[in-house]
Every structure is written in C-alpha cells, then in structure tokens.
Protein chains: 2
Amino acid sequence: MIELSTKRKTSRNARYHHGDLKRTLLSAAETELAEKGVEAFSLRGVAKRAGVSHAAPAHHFGDACGLLTELAANGYERFIEAQVCRQKSAPGDARSQLAASGLGYIDFATANPALFRLMFASERPDKSADVLSRAANLAFDRLVSDIQNIKGTDPYTDQSAMTDVMSAWAIAHGLADLMIAGRLDRATFLRDRTPAEQDAVFADIIVRAIGSQPQ
Amino acid sequence: MIELSTKRKTSRNARYHHGDLKRTLLSAAETELAEKGVEAFSLRGVAKRAGVSHAAPAHHFGDACGLLTELAANGYERFIEAQVCRQKSAPGDARSQLAASGLGYIDFATANPALFRLMFASERPDKSADVLSRAANLAFDRLVSDIQNIKGTDPYTDQSAMTDVMSAWAIAHGLADLMIAGRLDRATFLRDRTPAEQDAVFADIIVRAIGSQPQ
DNA sequence: TGTACATCAGTGAACGCGCGTTCACTGATGTAC
DNA sequence: TGTACATCAGTGAACGCGCGTTCACTGATGTAC
C-alpha cells in the first residue's frame with residue numbers, strides 16, 4: 001500500500017502503461033552492463049532490473065542488438081561530454097586542450113569500463129546504425145579538430161597531421177584500455193601517486209605523442 | 001572404412017584413448033575463439049570441433065575458465081615470439097628494437113584479434129593463475145628492458161624511465177586495439193598505404209612516444 | 001459531456017535451444033606377479 | 001610370456017538453467033462522432 005501510494009506520488013506514469021519505459025530500460029541496461037559485463041548481458045536481466053515483463057524490451061528495441069546500439073550511441077555522447085568537461089577547466093592553448101581531451105577520454109573509460117568496451121571492442125552493437133556511427137564520428141571529428149588547432153593544417157589533407165591524429169588517439173586509447181584492464185596501476189607505480197599526479201603523467205605522455213613542430 | 005584406415009595411418013593414437021587430446025583441445029579452442037569470439041565461446045563447441053564427447057574437456061581443464069587460462073598463457077608465448085621475430089630483422093640500435101617490438105605487438109593483435117582480446121580485455125581467464133601471470137610478466141619485462149636499453153637507467157628506480165614504459169606500452173596497445181576494432185584504417189587513410197608504409201607510420205609513432213633524451 | 005472504437009504498451013504462459021555439470025559406464029593402458 | 005587388476009581417458013544419457021522468441025491476451029490512451 002505504501003509502495004503503491006509512493007508510486008502514485010513520484011510518478012503518474014507508474015501504471016500499466018509505464019510511460020517512460022524506454023528511458024528506464026536504457027538506464028537498467030547500463031546498470032546490467034556495468035555489473036554483468038558485455039559477455040553476460042541479457043534482455044531478461046534488463047527487464048527484471050526495470051521491474052517489467054521480460055517481453056517488454058522487444059516493444060522498444062526489437063532485440064538485444066537494438067538496445068546495445070542505443071546504449072553505445074548514448075555512451076558516445078557522454079564520452080564527448082567527459083572530454084569537454086576536462087577542456088573547460090584547462091588552459092586554452094591547443095596542446096593543453098588536446099591533453100585535456102585525452103584525460104576526459106581516460107576519465108570516461110575508468111568510470112564506465114563496460115560501456116567503454118561495448119563502444120570500442122564489442123561485436124554486439126550494430127556499428128553501421130546511423131545513431132551509432134554518427135555519434136562515433138562526432139568524437140573522431142573533435143580529435144581531428146584538436147590536432148588541427150595544434151598543427152595549423154587540416155589532417156584530411158596533411159598526412160603528417162593525420163599521423164598525429166592516430167598517435168594522439170592511440171595513446172589516449174591505450175592508456176584508457178590498459179587502465180581498465182588493471183595493468184598500469186600494478187606494474188608502473190601509478191597507484192602510488194595522487195590522482196593529480198596521475199593526470200600530470202598522462203598529460204605528459206599524451207602531449208609528447210604529438211610531433212614537436214611548432215604551430 | 002576409408003576414414004578408419006586413414007585414421008590408423010595418420011595417427012596411431014586416434015583410438016578410444018586419443019593420446020594427445022589436450023593439445024588437440026587447445027587448438028580447437030583457439031579456432032572456436034577466433035570464429036565465435038570470447039562472448040560466444042563454449043566448451044561444447046570446442047568438444048564438437050575436436051570431434052570428441054562434450055564431457056571430455058573437463059578431464060583436462062576442469063571448466064571453460066581453465067581452458068581459456070591455458071589458451072591465454074599460450075597466447076602470451078606467441079605474443080612474445082611475434083615481437084622477437086620483428087626484432088631479429090630490425091637494426092640493432094635500441095630505438096629500432098623498441099619500434100620492432102611494438103610492430104610485433106600489433107602483428108600479433110591483428111593476426112589473432114580474439115585471442116588478443118582474451119588476453120587483455122576478458123574477465124574469463126583466471127589472471128591470478130601462475131601460468132598466466134608469469135607469461136604476462138615476461139612480456140612486460142621485455143618492454144622494461146627495451147626501455148632500459150634506450151634510457152640507460154632502470155625503470156624500476158627511475159620514474160622518468162617508467163613513464164616511458166607506460167608511454168610505449170600504451171601507444172603499441174592503443175594502435176593494436178584500434179586496428180582490430182577497425183577504427184584506424186577507415187578514418188585515417190591507413191588502408192591506402194602498403195603494409196611497409198603502414199609499418200613506417202606505426203614505427204614513427206612508437207618511437208616518438210619515448211622522450212627524446214639521448215642515451 | 002458521453003459513448004464506441006482503434007491503437008498500442010505491456011503481460012505471462014509456452015516453446016525450443018544450447019549451455020555446463022553430473023554420473024554410471026566402457027575401453028585402453030600400464031604394472032605386479 | 002601370460003594373467004589379473006588398478007588406473008585413467010573418454011562416453012553418452014540425463015538434469016536443470018537461463019536465454020530469446022512467439023503469441024494470444026489485457027488494460028490504458030486517444031480520437032471520432
């Protein structure tokens with residue numbers, strides 16, 4: 001009875017027709033993913049977590065691939081947000097901005113390891129889906145633009161600048177992936193440092209990955 | 001009948017007692033892994049592929065975790081071999097040797113993407129198992145030694161050198177992981193280049209990730 | 001304002017599937033004597 | 001050389017489980033009149 005009245009108070013939609021089930025399912029799916037990992041992710045688990053019949057997700061997403069695709073696309077938005085967030089509180093020069101972007105990349109991965117792996121290493125989402133490929137391209141374009149601001153040339157026409165794009169991407173990605181694999185902190189004394197010191201090490205590594213030619 | 005006599009000819013052990021089933025299972029498991037991916041890997045699939053009862057693998061590995069752990073450990077051996085192979089045909093100076101090691105890292109990943117992911121990104125193998133952690137540490141020690149040859153100091157006592165270790169590892173790992181995710185070739189014109197040109201780009205990126213101080 | 005009806009979100013029972021695990025077994029091998 | 005026996009690798013039937021999918025259904029909503 002208490003539960004019922006609470007439901008009524010907190011949400012007029014908590015009835016037979018949920019009203020906001022799609023968003024609820026996405027949120028439940030993210031928790032499911034974080035707790036079980038991509039390998040053990042299941043639609044039934046998501047439905048259970050959302051407190052809904054196991055057949056309900058099909059109405060909104062068709063199958064697990066559809067759900068995971070939207071989840072990954074949504075992940076890219078927050079992936080970019082994490083980078084923007086770091087950039088806002090960093091110095092305005094082009095190199096500091098690139099380093100900040102890389103730190104945001106690592107922030108996102110360590111905060112959402114399973115989601116990060118879903119976005120970059122899983123076969124389950126449909127990478128050719130518009131929502132997903134568009135979101136992923138947006139993130140890539142930001143990197144290209146960061147490099148252009150450092151080099152002063154367009155990576156799409158300057159091969160040397162595109163090499164810098166690859167280098168910056170690979171270094172941020174490598175640090176992020178090794179971090180969530182638990183490899184860096186154990187072997188490299190990284191865990192003996194404060195978060196600020198860690199950031200400084202990462203920023204140093206990121207910046208040096210870019211050729212040292214002045215703008 | 002033909003099959004039977006063939007069996008007799010090709011292997012005296014192809015009888016009730018297989019004789020070499022453990023090795024056969026490992027080989028079948030690798031194929032299974034490569035074709036199905038870590039997510040869909042199953043013991044029954046391996047047994048079927050090896051032409052053996054589905055309960056047989058338990059005799060040798062206990063469960064899927066045991067099999068995958070040995071598979072990963074075996075993977076590290078070949079991972080190191082791929083790096084040694086590149087180093088043998090590279091110039092002897094310390095920087096070229098490091099670059100060669102990185103190229104071997106990428107070679108292995110692109111040749112065995114699922115196995116690489118099993119080794120670096122899966123929760124299924126038992127990372128605390130002796131065979132596995134020892135094999136992984138061996139690979140790490142090789143990298144540490146490569147850096148020591150460049151810097152002239154021991155990374156375990158010189159923080160700046162350990163930063164180089166992290167940097168070199170991250171760049172090779174990032175390139176490798178992005179390659180097998182199919183990200184680099186599409187976006188960065190890498191596929192327009194010959195394999196030798198790709199190697200040159202990668203080697204350039206790897207070497208520049210190391211601080212430029214002379215030995 | 002009220003009634004009828006189409007639409008659609010969500011239900012829950014049922015299905016078949018592949019999985020890991022168990023267990024009594026069978027057949028080959030090696031060793032003792 | 002031959003026999004008896006312990007050991008162990010591999011079998012195959014059986015089990016319970018969670019999964020995705022299907023489908024007839026129910027209950028709420030919105031709209032036409």
Side-chain angles (χ1 to χ4, degrees), chain A residues 3-4 7-8 10-29 31-33 35-71 118 122-126, chain B residues 3-4 7-8 10-29 31-33 35-71 118 122-126:
Chain A
E3 282 165 346
L4 190 61
K7 262 186 172 176
R8 281 213 188 100
T10 52
S11 163
R12 292 181 319 132
N13 292 323
R15 286 161 295 181
Y16 189 96
H17 282 107
H18 185 288
D20 202 20
L21 185 53
K22 186 164 183 179
R23 197 180 309 265
T24 302
L25 284 172
L26 273 174
S27 158
T31 312
E32 173 86 356
L33 184 69
E35 289 188 8
K36 301 272 191 72
V38 193
E39 295 169 8
F41 179 92
S42 82
L43 275 189
R44 278 177 115 108
V46 173
K48 193 177 204 176
R49 211 176 277 273
V52 98
S53 142
H54 64 260
H59 280 276
H60 294 279
F61 301 101
D63 54 14
C65 170
L67 208 176
L68 289 171
T69 301
E70 286 216 30
L71 204 55
L118 179 76
S122 175
E123 300 292 329
R124 299 189 70 175
D126 176 13
Chain B
E3 282 166 345
L4 191 60
K7 261 185 172 176
R8 282 214 188 100
T10 52
S11 162
R12 292 181 318 134
N13 292 322
R15 285 162 295 180
Y16 189 96
H17 282 106
H18 186 287
D20 201 22
L21 185 53
K22 185 163 183 179
R23 198 180 308 265
T24 302
L25 283 172
L26 274 174
S27 158
T31 313
E32 172 86 355
L33 184 69
E35 290 187 9
K36 301 271 190 73
V38 193
E39 296 168 8
F41 180 91
S42 82
L43 276 189
R44 278 177 114 106
V46 172
K48 193 176 203 175
R49 211 175 278 273
V52 97
S53 140
H54 64 261
H59 281 275
H60 295 277
F61 302 100
D63 55 14
C65 171
L67 208 175
L68 289 171
T69 301
E70 285 216 31
L71 204 55
L118 179 76
S122 176
E123 301 292 330
R124 299 189 71 177
D126 176 13

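Every heavy atom of this structure was used, including side-chain atoms; hydrogens, water molecules and symmetry mates were not. Lettering follows sequence order; numbering is per chain, from 1.
When both distances must be under 3.5 Å, the Watson-Crick or G-U wobble mate of D/dG18 is C/dC17. For C/dA32, the paired nucleotide is D/dT3, the pair qualifying as Watson-Crick or G-U wobble because both relevant distances are below 3.5 Å. Under the Watson-Crick or G-U wobble criterion, with both distances below 3.5 Å, C/dA9 is paired with D/dT26.
At least one side-chain heavy atom of B/E39 sits less than 4.5 Å from a side-chain heavy atom of A/R124. Residues B/H59 and B/K22 fail the side-chain proximity criterion, which asks for heavy atoms closer than 4.5 Å. Taking the side chain as every heavy atom from C-beta outward, A/L26 and A/F61 approach each other to under 4.5 Å.
In this structure, CZ of B/F41 is placed 11 Å from P of C/dC19, rounded to the nearest angstrom. At whole-Å resolution of the value, CZ in A/R49 and P in D/dC19 are 11 Å apart. Distance A/H59 NE2 to D/dC23 C1': 11 Å, rounded to the nearest Å. Between A/L21 atom CG and C/dT11 atom P the separation is 8 Å, expressed in whole Å. When the P atom of D/dG10 is taken as reference, atom CZ of B/R23 falls 14 Å away, rounded to whole Å. Protein atom CZ of B/F61 is 12 Å distant from nucleotide atom P of D/dA9, rounded to whole Å. Atom CG in B/L67 sits roughly 14 Å away from atom P in C/dC19 (whole-Å rounding). The distance between atom CG of A/L25 and atom C1' of C/dG10, rounded to the nearest whole Å, is 11 Å.
Here the nucleotide nearest the side chain of B/H54, chosen from C/dA9, C/dT21, D/dT11, is C/dT21. Taking only side-chain atoms of A/A56, from C-beta outward, the nucleotide of D/dG10, C/dT11, C/dG20 with the closest atom is C/dT11. The B/S53 side chain lies nearest to D/dT11 when the options are C/dG10, D/dT11, C/dT21. For A/A55, the listed nucleotide lying nearest its side chain is D/dT22; candidates were D/dT22, C/dG10, C/dC23. Of the candidates D/dG20, C/dG10, C/dG20, the closest approach to any side-chain atom of A/V52 belongs to C/dG10. Listed nucleotides D/dT11, C/dG10, C/dG20 differ in distance to B/L43; the shortest reach to its side chain belongs to C/dG20. Closest contact between the side chain of B/R44 and the listed nucleotides C/dT11, D/dG20, D/dA14 involves D/dA14.
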Checklist line | B/E35 vs B/R49, salt bridge (charged side-chain N to carboxylate O under 4.0 Å, His left out): CA-CA, chis, key distance, verdict | finding: CA-CA 12 Å; B/E35 290 187 9; B/R49 211 175 278 273; 3.3 Å; yes
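A donor-acceptor contact shorter than 3.5 Å is absent between the side chain of B/T69 and the backbone of B/P125.
Of the side-chain N and O atoms in B/S42, one or more sit less than 4.0 angstrom from OP1 or OP2 of C/dC19. Taking 4.0 angstrom as the limit, B/H60 places a side-chain polar atom (N or O) nearer than this to OP1 or OP2 of D/dG10.
Taken to the nearest 0.5 Å, the NZ atom of B/K36 stands 5.5 Å off from the OG atom of B/S42.
Between A/A58 and A/A40, it is A/A40 whose nearest contact on DNA chain D lies nearer the 5' terminus.
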